[in-house]
Amino acid sequence: MSRTVFRTSCETRSAGRRRGPWFVLLFTLLLAANAVVIGADVGDRLLGGGTDDPSSASSRAGALLEAHFPSSAPDLVLLVRGEDGAGVDSEQVAAQGARLAERLAFEPRVSGVVSYWQTGSERLRSADRSEALILAHLEGDDDTATRTYDRLAPLYRGSPPDADALDVSLGGGVAVQQEIQTTIEADLLTAELIALPLTLIILVLVFGGAVAALLPLGVGVLAILGTNAVLRLLTSVTEVSVFAQNLTTALGLGLAIDYALLIVRRFREELHQRADPRTAVRTTLRTAGRAVLFSALTVAVSLAAMLVFPLYFLRSFAYAGLSVVLLAAAASLIVLPAVLLLLGHRVDALRLRRRTLRTRREGGLVERVVRRPYRYAVTVAALLVAAGVPFLQVEFGTADDRQLPAASESRLVQEAIRDDFTSSTTGGVEILARDAKGLDRYAAALSLLPHAAEVDTPLGTYRDGRRKDAATPADASRAADGLVHLSVVPEKGVEDVSPESRRLVEGVRAASSGFEALEPLAGGRAAVLEDSKQAIADGLPAAGLLIAGTSLLLVFLLTGSLLIPLLSVASGALSLTAMFGLVVWVFQDGHLSGLLGFTPTGTIEATLPVLMFCIAFGLSMDYGVFLLSRMKEEYDRTGDPRLAIVTGVRRTSGVITAAALIIAVVFVAIGTSQITNSKMLGLGAALAVLVDATVVRGLLVPAVMRIGGRATWWAPAPLARFQRRFGLREDLSATPAPDQRTPTEPVLETVR
């Protein structure tokens, strides 16, 4: 009887172990199916803004201006031309243009409609009288305004009903953001079509077989689907930027494949040592699995640092980055082991080549580095610092229509305004003030500011310190509660956001002294940029402390060294200098703009350096973990710091190179985007990854560690005891020494 019970119990446990992986896969498929449904319309819910600080003076000014003076903040522009070259003052064009503006004013959620035919303002008419403008403000938040634009666009574009003598094109902030959003969605599809097959080819070369190569790709797809679902849910409770999808694709494929690459390769190595797939999976999770978990923590911390900034553009990347990193790690540590259990030795099925891709740097460069460490350390550090010198000349700005392809409608409208009209319709500095006796004196002082063309006030228009035109009875710049609206119009040729416009904002804020003005005082695009830069500067110390402090702690828990964490953080930061130098040299100064297909504006989006630093630094720490954990294993085994360096570089150079190449391919695919900021993010991050994985991890880190010798691994006794007790160490009991490996074991290997 007891034998029967024992046998039945064993059979039950065995059946449960066999069914366990299937349950995991079934549950994963159900989650993936739900993720597809939930995230199907995520692109339609994402927004194109988010680069302003909602608590800043300019944002509060914008809210008051929208409430009291909607015509001061036009975000929809209708560029009107007469058919067959008819001028805008011709009887038929004028009549139809006036009716079109009147019809637009009665549309739901449209306010502040102003047209050339209503006001006769020369600012709303081109110099050659062939074009005129109708300006309007779309009410509500970004999402509401976008929906209103989508409804209005087909009704007013081209030759609208009852306006067959007109040719109408749509521009303005809402139109630009909508075109950016739709272009990014199309570009992401193109990027995925480029990245997926190239990634599969690289994985086949690494693994030598189709089955093993498809597993990391599957993990990447799961991470992307899951993150799209998370972003879709977040759009119900907060604002999320459309650019976050770029990071989802890049990190979803890149990190998921990196992690799965480690797991699958270590599992295959263990199969060469044991015939039992279950034991191989357990050993894989104790070794490579812990490296994946540790790596995910370091990357997550770098991306989480963007949560300290109030700009939802940056916070959106934290949402996407944290989601994709955690999902990639979970899929690699839970779903992938279940698949490997089911496949067993069949993981090597469909072999396309007899041998996997091997790394043959078995003595070569790393031996030369440790023999002459000072030469390599100084040379590499000097080159990286020199590469970053162009960043000292960085000029920050905001994205505008020139992000878009040259043929896009909203860009053509904005270019026509820049080239053909006397001044910008959207680049003024907007001011709120009390209706006080000093208004005349204040407006006159504003009109004398450098780069100010004129100042529009309730009293009239001021130029060169004097009032030139009296206000009309229909003037809309005075509110019932005593608020008045003034607009400082920049000179022709001054971009909406430029060094000149920013100096104009500074002058306006300085000139307010002694006048009864509201706080917030100045609004407009240039004022928003100044406040956004201040918000970023205020958040940088907290973000830097979070990234550096957590990275130092995690690397210490891994290595038990006092100096290696400092080296890791310093080398990770130094590896980014080439990226920042490239960004300024290429995208700000315009070198290679013809080859890469973008229009330089002389500025860099103020939020992008923060974003690129968090992404690239996280990835650099990711590769640093791979290298340091292998060095730590060898140092613990032999106590020889030189051998630890050489063996660590040899045994991880292959996996780091393969991982970096894959994620660089993904970022370059993102860099094929037609949107300049996406191009900058993709190509800059790809360069940073390749520099870190080759120059920094292959040359600089080994050289500095060789200079430090045994002192590199030293820590005070109390810290050493703390690390031994709480450190994140891998179980090396099942790890054979290098000389115990079988002849068929691949040289390109995972972190232990």
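Reckoned from all heavy atoms, side chains included, excluding hydrogens, waters and symmetry mates. None of the values given here were measured: they were computed from a predicted structure.
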For this session: Taking all heavy atoms of Val584 and all of Pro390, pick out the closest pair and write down the distance.
Result: CG1-O, 3.2 Å
Exercise. Can you name the nearest heavy-atom pair linking Gly539 to Val308, along with the distance?
Worked result: O-CG2, 3.7 Å
Problem set entry | Contacts of Lys533 that satisfy salt bridge (Lys or Arg N to Asp or Glu O under 4.0 Å) - sequence neighbours left out | Glu530
Problem set entry | Flag, side chain of Gln181 to backbone of Leu46, donor-acceptor distance under 3.5 Å | yes
Seminar exercise, completed: Note: Val174 and Ala145 closest approach over all heavy atoms is CG1-O, 3.9 Å
For this session: Would you check if the side chain of His451 reaches a backbone N or O of Leu504 as a donor-acceptor pair within less than 3.5 Å?
Result: no
Exercise. Side chains of Ser532 and Thr607: closer than 4.5 Å at any heavy-atom pair?
Worked result: no
Exercise. Tell me, do Leu104 and Val110 make a side-chain contact under 4.5 Å, heavy atoms counted?
Worked result: yes
Problem set entry | Asp531 side-chain N/O to Ser58 backbone N/O, donor-acceptor pair under 3.5 Å | yes
Exercise. Do Val114 and Thr119 come within less than 4.5 Å of each other through their side chains, counting heavy atoms only?
Worked result: yes
Problem set entry | Matching residue for Gln178 among Asp150, Thr146, Thr183 - test: side chain to side chain donor-acceptor pair (under 3.5 Å) | Asp150
Problem set entry | Distance (rounded to the nearest 0.5 Å) between Asp440 CG and Arg467 CZ | 6.0 Å
Exercise. Out of curiosity, Ser501 OG to Glu491 CD, how far, rounded to the nearest 0.5 Å?
Worked result: 12.0 Å
For this session: Would you give the length of the straight line joining atom CG of Leu546 to atom CE of Met306, rounded to the nearest 0.5 angstrom?
Result: 11.0 Å
For this session: Would you indicate whether the side-chain heavy atoms of Phe587 and Asn677 approach each other to under 4.5 Å?
Result: no
Exercise. Heavy-atom distance under 4.5 Å between the side chains of Arg411 and Thr599, does that happen here?
Worked result: yes
Exercise. Going through the distances and angles, do Ser126 and Asp420 end up as a side-chain hydrogen bond (donor to acceptor under 3.5 Å, both in side chains)?
Worked result: CA-CA 5 Å; Ser126 65; Asp420 303 336; 6.0 Å; no
Seminar exercise, completed: One should read off an interatomic distance between Gln403 CD and Ile184 CD1, to the nearest 0.5 angstrom, of 8.5 Å
Exercise. Backbone N or O of Phe396 within a donor-acceptor pair of the Glu605 side chain at under 3.5 Å?
Worked result: no
Exercise. Would you say Arg463's side chain and Val455's backbone share a donor-acceptor pair under 3.5 angstrom?
Worked result: no
Exercise. Is the backbone of Ile670 close enough, under 3.5 Å, to the side chain of Ser673 for a donor and an acceptor to pair up by distance?
Worked result: no
For this session: With the side chain counted from C-beta on, respond yes when Glu139 and Thr144 share a heavy-atom pair under 4.5 Å apart, and no when they do not.
Result: no
For this session: Measure the OH-OH distance between Tyr312 and Tyr319 for me, rounded to the nearest 0.5 Å.
Result: 11.0 Å
Exercise. Aromatic rings Phe317 and Phe313: how do their planes relate, parallel, tilted or perpendicular, breaks at 30° and 60°?
Worked result: perpendicular
Problem set entry | Check: Gln588 side chain, Glu395 main-chain N or O, donor-acceptor pair, under 3.5 Å | yes
Exercise. Between Arg315 (side chain) and Leu307 (backbone), is there a donor-acceptor pair under 3.5 Å?
Worked result: yes
For this session: Mind checking salt bridge (Lys or Arg N to Asp or Glu O under 4.0 Å) for Glu83 and listing every partner two or more places apart, or none if nothing turns up?
Result: none
Exercise. Rounded to the nearest 0.5 Å, how far does CZ of Arg109 lie from NE2 of His137?
Worked result: 10.5 Å
Problem set entry | Gln674 backbone acceptor or donor facing Asp187 side chain under 3.5 Å | yes
For this session: Give a yes or no on whether the backbone of Ser59 and the side-chain of Asp53 come within a donor-acceptor separation of less than 3.5 Å.
Result: no
Exercise. Are Thr398 and Thr603 close enough that some pair of their side-chain heavy atoms sits under 4.5 Å apart?
Worked result: no
For this session: Heavy atoms only: give me the nearest Lys679-Gly597 pair and the separation to one decimal.
Result: CE-O, 4.1 Å
Exercise. Cation-pi between Arg103 and Tyr156: NZ/CZ under 6.0 Å from ring centre and within 45° of the ring axis?
Worked result: yes
Exercise. What residue among Ile675, Leu596, Ile604 forms side-chain contact (heavy atoms from CB on, under 4.5 Å) with Met680?
Worked result: Ile604
For this session: List the atom of Gly684, the atom of Met579, and the distance in Å for their closest heavy-atom pair.
Result: O-CG, 3.3 Å
For this session: Would you check if Leu681 and Ile615 make a side-chain contact, meaning some heavy-atom pair closer than 4.5 Å?
Result: yes
Exercise. Looking only at heavy atoms, what is the nearest atom pair of Leu124 and Tyr116, with distance?
Worked result: O-CB, 3.5 Å
